[in-house]
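Report on the following structure.
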Amino acid sequence: MSLGITEITLILIVILLLFGGKRIPELARAFGRATAEYKKAKNLIKKEAEDIKDSLTEESEKPVEYQPKDDVENPQV
């Protein structure tokens, strides 16, 4: 399902009537800034998740809680 030229024109006319010609550039700038902030936050979260994954895959950097124990008296099977 895609929007045709008639639907897009109707949506633009409704936006123009609701907000007026002077506020549309302001709204477009705000939408652009919000989109840029969203992309920055998404990339930051993605990078942090990859860093955590990489640090957990390296055996030497694992916290003590995650390293295997050499419990000879009480082995877990």
Side-chain angles (χ1 to χ4, degrees):
M1 183 175 150
S2 65
L3 294 176
I5 190 70
T6 307
E7 290 88 2
I8 293 173
T9 306
L10 183 62
I11 291 170
L12 291 174
I13 290 172
V14 169
I15 290 173
L16 182 63
L17 289 174
L18 286 175
F19 296 109
K22 293 182 181 180
R23 295 231 19 222
I24 290 178
E26 180 183 326
L27 292 172
R29 276 191 293 276
F31 181 72
R33 287 185 195 123
T35 303
E37 287 294 321
Y38 171 77
K39 286 181 182 180
K40 281 186 207 176
K42 182 181 78 167
N43 290 336
L44 180 65
I45 291 171
K46 186 177 180 180
K47 183 183 178 303
E48 287 179 1
E50 288 173 356
D51 290 344
I52 291 171
K53 184 180 104 177
D54 291 342
S55 70
L56 289 177
T57 57
E58 297 175 8
E59 188 67 33
S60 63
E61 292 186 17
K62 284 187 179 180
V64 177
E65 302 90 47
Y66 296 111
Q67 292 180 356
K69 296 180 182 178
D70 294 330
D71 193 4
V72 178
E73 295 178 12
N74 196 3
Q76 296 178 358
V77 179

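In what follows, residues are counted from 1 in the order of the sequence shown.
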Taking salt bridge (charged side-chain N to carboxylate O under 4.0 Å, His left out) as the test, write out the residues that go with E48, two or more places apart. none
Look up atom [atom1] in [X] and atom [atom2] in [Y], then write down how far apart they are to the nearest 0.5 Å.
| X | Y | atom1 | atom2 | value |
| --- | --- | --- | --- | --- |
| L10 | I5 | CG | CD1 | 11.5 Å |
| I11 | L3 | CD1 | CG | 5.5 Å |
| I24 | L16 | CD1 | CG | 4.5 Å |
| K53 | D51 | NZ | CG | 11.0 Å |

May I ask whether V14 and I8 are part of the same hydrophobic cluster, defined by side-chain heavy atoms of I, L, V, M, F, W, Y residues being less than 4.5 angstrom apart, directly or through others? yes
Could you list the cluster mates of L17? Members are the ILVMFWY residues connected by side-chain heavy atoms closer than 4.5 Å, either directly or through other members.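 Noted: L17 shares its cluster with I13.
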Test: salt bridge (Lys or Arg N to Asp or Glu O under 4.0 Å). Region: residues 18-38. Which pairs qualify, not counting sequence neighbours? E37-K40
Donor-acceptor pair, distance only, cut-off 3.5 Å: does the side chain of E7 make one with the backbone of G4? yes
Do T35 and K39 have side-chain heavy atoms sitting under 4.5 Å apart? yes
